[in-house]
Protein chains: 2
Amino acid sequence: MPEPRPSNPLLFLREEEIRQGMELLYFGYRGFTAGPDSVLRPLGFGRAHHRVLYFVGRNPNMTVSALLGILRITKQSLSRVLKELVAKGFVLQRPGTTDRRQRCLALSAAGEALEKQLFEAQRQTLARAYREAGAQAVEGFRRVLFMLADVDGHAYLLGHGAGAPPARRGAR
Amino acid sequence: MPEPRPSNPLLFLREEEIRQGMELLYFGYRGFTAGPDSVLRPLGFGRAHHRVLYFVGRNPNMTVSALLGILRITKQSLSRVLKELVAKGFVLQRPGTTDRRQRCLALSAAGEALEKQLFEAQRQTLARAYREAGAQAVEGFRRVLFMLADVDGHAYLLGHGAGAPPARRGAR
DNA sequence: GCAATATGGCAGTGATGTTGACTTATATGC
DNA sequence: GCATATAAGTCAACATCACTGCCATATTGC
């Protein structure tokens with residue numbers, strides 16, 4: 001057995017520890033995203049549609065450019081997905097009140113129902129993991145992921161006060 | 001301000017908390033995977049190539065079916081990616097010693113160099129997040145992600161003793 | 001009026017995944 | 001030894017999701 005596990009918690013950055021973290025991210029994210037696919041496939045939708053439904057549901061009457069800023073994809077990529085969601089009646093577009101060039105996005109009743117169904121699938125997965133891991137682990141989970149997010153992610157996460165700005169407890 | 005944050009840690013499963021976790025996973029995973037792309041693009045490679053390089057590097061002389069079992073993609077999807085990696089000299093194929101139908105996969109010297117470069121990019125991202133979040137947070141991060149992984153993920157993670165089997169401290 | 005902005009659209013391309021059917025080489029059971 | 005199973009590779013066809021580049025339309029702001 002090469003080099004025993006360090007008991008000193010300050011030495012946790014060995015390559016094996018890092019690789020384990022990488023693999024956990026890969027398998028964990030895969031397990032987390034597996035759920036909604038079975039709901040989306042029969043409707044002819046994919047992950048991109050899910051992301052749009054999610055963020056539009058969470059930010060009613062958001063503009064197209066706001067959504068583009070969150071998803072960080074091109075206008076054309078979003079356009080196709082959005083057009084399908086509007087055509088099938090899951091998303092509503094209305095001109096902005098102050099600026100009529102804008103198209104404000106919101107979920108229709110059907111869109112809300114679908115988003116709720118997708119949310120429920122992932123809620124159960126995540127809630128179960130939270131319960132098994134414990135509240136303290138959840139706090140660490142959130143703090144590490146927040147640090148992994150880029151500046152755009154931080155801007156979004158901090159802009160939605162519901163979330164805790166993960167200041168490090170007892171930070172040096 | 002609707003419904004104040006519960007001080008009781010047993011009530012952390014409200015919808016807002018769950019949605020925050022979903023968003024953290026999305027933005028955190030995106031930030032984590034952003035690094036290697038700039039290295040891979042000039043070589044004509046993508047994320048699929050990265051995953052193959054990663055797991056072959058980590059499991060030298062693994063068989064094609066073992067890799068298929070880890071990645072959970074079809075033989076055809078893997079085949080295309082693998083063929084390109086072999087053609088460009090990053091991955092070596094050798095017949096198995098006991099079963100000559102098998103093709104055992106390993107990284108060439110160039111493959112190891114490339115994998116190391118990709119690893120370094122993500123190691124820095126992850127190590128920085130670990131440092132900022134603290135050792136205790138890292139433990140929670142790992143435990144939640146482990147619970148999110150599916151059975152295939154668990155089988156892989158537990159099969160590589162380097163990782164800690166995330167038994168819950170003080171579990172009920 | 002005119003430049004900038006918000007949005008939508010078209011054409012083409014590429015990476016990644018899928019299904020289904022088929023081939024080749026080798027191993028194994030009887 | 002021969003039938004069958006298995007490991008791997010291959011081909012055709014297709015879907016999703018992203019990209020670039022270019023252009024059109026409506027509206028705003030100066």
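Labels below follow one simple rule: chain letters A, B, ... track the order of the sequence lines, proteins then strands, and each chain is numbered from 1.
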For this session: Mind calculating the distance between CG (B:L40) and P (D:dA18) to the nearest angstrom?
Result: 18 Å

Problem set entry | Aromatic ring proximity B:Y26/A:F55, centre distance under 6.0 Å | yes

Exercise. A:Q102 side chain N/O closer than 4.0 Å to the phosphate oxygens (OP1, OP2) of D:dA26?
Worked result: no

Problem set entry | A:S65 vs C:dA6: side-chain N/O to OP1/OP2 distance below 4.0 Å | no

Exercise. What is the nucleic acid contact for A:E84, judged by heavy atoms within less than 4.0 Å: base, sugar-phosphate only, or nothing?
Worked result: nothing

Exercise. Within the modelled atom types, does a donor on one side and an acceptor on the other bring the side chain of A:R101 and the base of D:dT28 under 3.5 Å apart?
Worked result: no

For this session: Would you mind classifying the nucleic acid contact of A:G44 as base, sugar-phosphate or nothing, using non-hydrogen atoms under 4.0 angstrom?
Result: sugar-phosphate

For this session: Measure up the B:F27 and A:Y156 rings against each other and bin them: parallel (under 30°), tilted (30 to 60°), perpendicular (over 60°).
Result: tilted

For this session: Check the angle between the aromatic planes of B:H50 and B:Y54 and answer parallel, tilted or perpendicular using the 30° and 60° thresholds.
Result: perpendicular

Exercise. Are any non-hydrogen side-chain atoms of B:L85 and B:V56 less than 4.5 angstrom apart?
Worked result: no

Exercise. Do B:Q76 side-chain and D:dT10 base share a donor-acceptor contact under 3.5 Å?
Worked result: yes

Problem set entry | Gap between atoms CG and C1', on B:D37 and C:dT16 respectively (whole Å) | 13 Å

Exercise. For the pair made of CD1 in A:I73 and P in C:dG8, what is the distance, rounded to whole Å?
Worked result: 13 Å

Exercise. Is a donor-acceptor contact shorter than 3.5 angstrom present between the side chain of A:K75 and the base of C:dG8?
Worked result: yes

Exercise. Quick one: B:R51 CZ to C:dA15 C1', roughly how many Å, whole number?
Worked result: 11 Å

Problem set entry | Whole angstrom value for the distance that separates C1' of C:dA6 from CG of A:L105 | 12 Å

Problem set entry | First encountered from the 5' end of DNA chain C, between A:R103 and A:R41 | A:R103

Exercise. Can you tell me how far P of D:dT16 sits from CG of A:L82, to the nearest Å?
Worked result: 17 Å

For this session: Calculate, to the nearest 0.5 Å, the distance between atoms CD and CG belonging to B:E115 and B:L107 respectively.
Result: 6.5 Å

Exercise. OP1 or OP2 of C:dG8 sitting under 4.0 Å from any side-chain N/O of A:S79?
Worked result: no

Exercise. Of A:T98 and B:T63, whose nearest nucleotide on DNA chain D comes first from the 5' end?
Worked result: B:T63

Problem set entry | Interatomic distance where CD belongs to A:Q93 and P belongs to D:dA26 [whole Å] | 16 Å

Problem set entry | Residues B:E17, A:R123: salt bridge by 4.0 Å N-O rule | no

Problem set entry | Side-chain donor/acceptor of A:R80 to base of C:dG9, under 3.5 Å | no

Problem set entry | Rounded interatomic separation in angstrom, taking CG from A:L78 and C1' from C:dA6 | 13 Å

For this session: Verify the contact: side-chain N or O of A:S77 to OP1 or OP2 of D:dC17, cut-off strictly under 4.0 Å; return yes or no.
Result: no

Exercise. Distance check: side-chain N/O of B:R100 vs OP1/OP2 of D:dT6, anything under 4.0 Å?
Worked result: no

Problem set entry | D:dC17 phosphate, OP1 or OP2, under 4.0 Å from A:H49 side-chain N/O | yes

